[in-house]
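First the structure, in the form of structure tokens, and then the observations on it.
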Amino acid sequence: MTIRTRFAPSPTGYLHIGGARTALFSYLFARKNQGKFILRIEDTDAVRSSAEAIGAILDGMRWLGLDWDEGPFLQSERFDAYRAHAQTLLKRGLAYCCWCSPEELDEKRKAAMEKGLPPKYDGRCRTRADRPDGPFAVRFSVPPGATSFDDMIKGTMAFNHGEIEDLVILRSDNTPTYNLCVVVDDATMDITHVIRGDDHIANTPKQILLYRALGYPVPAFAHLPMILGADKARLSKRHGATSVTAYRDSGYLPHALVNYRARLGWSYGDQEIFTKEELIAKFSLESVGKSPGIFNPEKLLWLNHHYIKESEATELAPLLMAHLNALGVDASNDARVPAIIGTLKERAKTLKEMAEGALFYFRDEITFDEKAARKFLTPEAAGVFAVLSERLGSIGPFDEKAIEEAFGSVVSEKGVKLGALAQPVRVALTGGTVSPGIFETIAAMGKEKTLKRLAEAIKVSSRHDFSIEKK
RNA sequence: GGUCCCAUCGUCUAGUGGCCCAGGACGUGGCCCUCUCAAGGCUAAAACACGGGUUCGACUCCCGUUGGGACCGCCA
């Protein structure tokens, strides 16, 4: 039997960081077992679902590389199937019509909650003989007894039917509800393993009852613990960016996100870094933990930085363009880009940071940090810049080695330390005191731009008057 | 309130009765390297929630307590 898993988000928002992990685990489990991974959109709530959200979810899934084998199926296109199943239940006497109004039930529920009683539907219409006019809903008739199942993550779970109310499966407007839809879909789509968040645990016995009433085999269940925010509350907008596309826009690499989330709740000994292939080969539901995990942005950042460092400059280049564009730089025809990325990989934790750090390479005019300029762009420095400029202008291949030699010669002639030369040059070229190594920076910047900047710096330094910038 | 789930460093986790006075990773501190900032190397501090059992022996098994969380919809 081929293993079939599914990810079934409701399109009421973007692909959430928590939902994406559920998707990831379902995906990994299917791939590990040479199974199929199905995508289904649970949009039975017409009011809260939107086409934009569906697009955003598909977008997020693709970006993360979670390719699905079948779907996306839309529940809104399968209403006939759900209604037919509800009719079957009605015919078999396993469901009944209910004329109670939602308002009335809502009041009863509130009253029960206040008294500290379980807010359960009293089953009033269950034995009702008459068929009054007006709209009615269809409820599943929960039989007496108890239901238990072996969760692949949490272990054996048992529920008394006394705690389960007769759930509505068809609303009074003839639309199906969630529990009916999942069961019908999972059954007819031959889903063998239902992997989802543990907020669905309480639904599971209801669904098992539905499978049985409908005569379908019951799939295996695996309930994943939730991801919480730093305050141990369920992850929400308050915890910062939570949609996967927001991470893309902030300069995260998709695999960093995948790797991070795989390790949140799952582990493989002490290993932290996994390629996608390793994840697939090593994943198992047995090694998924039972307890909820707290989302740690710092570690994600570390992983992202790790993957930036590991990536080739040429593969990062196209990704960086978008972030440069956002800062008003079009570097698409600039041949220096790979070399520039090479200088920034070690110190940019995100692509966004990298773009910001790369800005000085592209600007026509640089603005000097006032404090730095005051300290380093002195008349003495102007003299050194002139000598250096001459040296750099005469070297053959403009590479790091030749540049270092040029610096070496100036250093020994002037009898100064390298630092005393490097810092002023850094300010002259980048505008500030922080940058990649000075030789690699110069090499990446290119001869032309370097000499132009030095010439400008000589002018500024000779004057050594920054009163204009001072205001 | 009821039902259910969970519990190892601040965080993610290893650990399936002796290998553990508890290992790794992020973060934090220190040192080294060094042209700035990083990166890298070394190093330090940091945890088995509590109380009872079971056992020759419990982080590991059982019970209770406490603390977190989820669910209780004609939402999904």
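Lettering follows sequence order; numbering is per chain, from 1.
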| Worked verdict on A:D186 versus A:R40 for salt bridge (charged side-chain N to carboxylate O under 4.0 Å, His left out) | CA-CA 10 Å; A:D186 285 340; A:R40 183 173 75 221; 2.8 Å; yes
| When the ring centroid of A:F274 is compared with that of A:H255, is the distance short of 6.0 Å? | no
Any [X] side-chain nitrogen or oxygen under 4.0 Å from OP1 or OP2 of [N]:
X	N	result
A:K309	B:G40	yes
A:R48	B:A76	no
A:T44	B:A76	yes

When you measure from the side chain of [X], which nucleotide among [options] comes out closest?
X	options	answer
A:E163	B:U36, B:C35, B:U3	B:U3
A:P102	B:C6, B:U36, B:C74	B:C74
A:R347	B:A38, B:C12, B:C74	B:A38

| said: I'd like to know if A:S172 reaches the base of B:C74 with its side chain, counting only an N/O donor and acceptor under 3.5 Å. | reply: yes
| task | Look at the side chain of A:N203 against the base of B:A76 and say whether a donor-acceptor pair falls under 3.5 Å; ignore hydrogens and angles. | result | yes
| query | Taking any strand in view, what nucleotide pairs with B:A49 in a Watson-Crick or G-U wobble way, both distances under 3.5 Å? | reply | B:U65
| note | For B:C35, the nucleotide meeting Watson-Crick or G-U wobble distances (both under 3.5 Å) is none
What contact category does [X] fall into here, base, sugar-phosphate, or nothing, at under 4.0 angstrom with non-hydrogen atoms?
X	value
A:P436	base
A:L264	sugar-phosphate
A:A202	sugar-phosphate
A:T433	base
A:H200	base
A:G197	nothing
A:C181	nothing
A:F407	nothing
A:G293	sugar-phosphate

| Gap in Å between the two P atoms, one belonging to B:G10 and one to B:A45, rounded | 15 Å
| request: For A:H193, check ring-ring contact (aromatic ring centres under 6.0 Å, His included) against everything at least two apart and list the hits. | output: A:F29
| query | If you find the nucleotide of RNA chain B closest to A:A158 and the one closest to A:I294, which residue's nucleotide is nearer the 5' end? | reply | A:A158
| remark: Protein-proximity profile, nucleotides 15-26 of chain B, B/S/- by nucleotide at the 4.0 Å heavy-atom cutoff, equals --------BBBB
| task | Go through A:I395 and A:L392 one step at a time and tell me if the side-chain contact (heavy atoms from CB on, under 4.5 Å) criterion holds. | result | CA-CA 6 Å; A:I395 57 180; A:L392 289 175; 4.2 Å; yes
| request: Going by the salt bridge (charged side-chain N to carboxylate O under 4.0 Å, His left out) test, name the single residue among A:R347, A:K345, A:R426 that passes it with A:E440. | output: A:R347
Identify all side-chain donor-acceptor contacts of residues 290-302 of chain A below 3.5 Å with residues at least two apart in sequence or on another chain.
{"residue": "A:N296", "atom": "OD1", "partner": "A:E298", "partner atom": "N", "Å": "3.1"}
{"residue": "A:K299", "atom": "NZ", "partner": "A:E272", "partner atom": "OE1", "Å": "3.2"}

| task | Indicate the atoms forming the closest heavy-atom contact of A:Y82 with A:L180, along with that distance. | result | O-CD1, 3.5 Å
| So do A:Y96 and A:V138 actually touch side chain to side chain, heavy atoms under 4.5 Å? | no
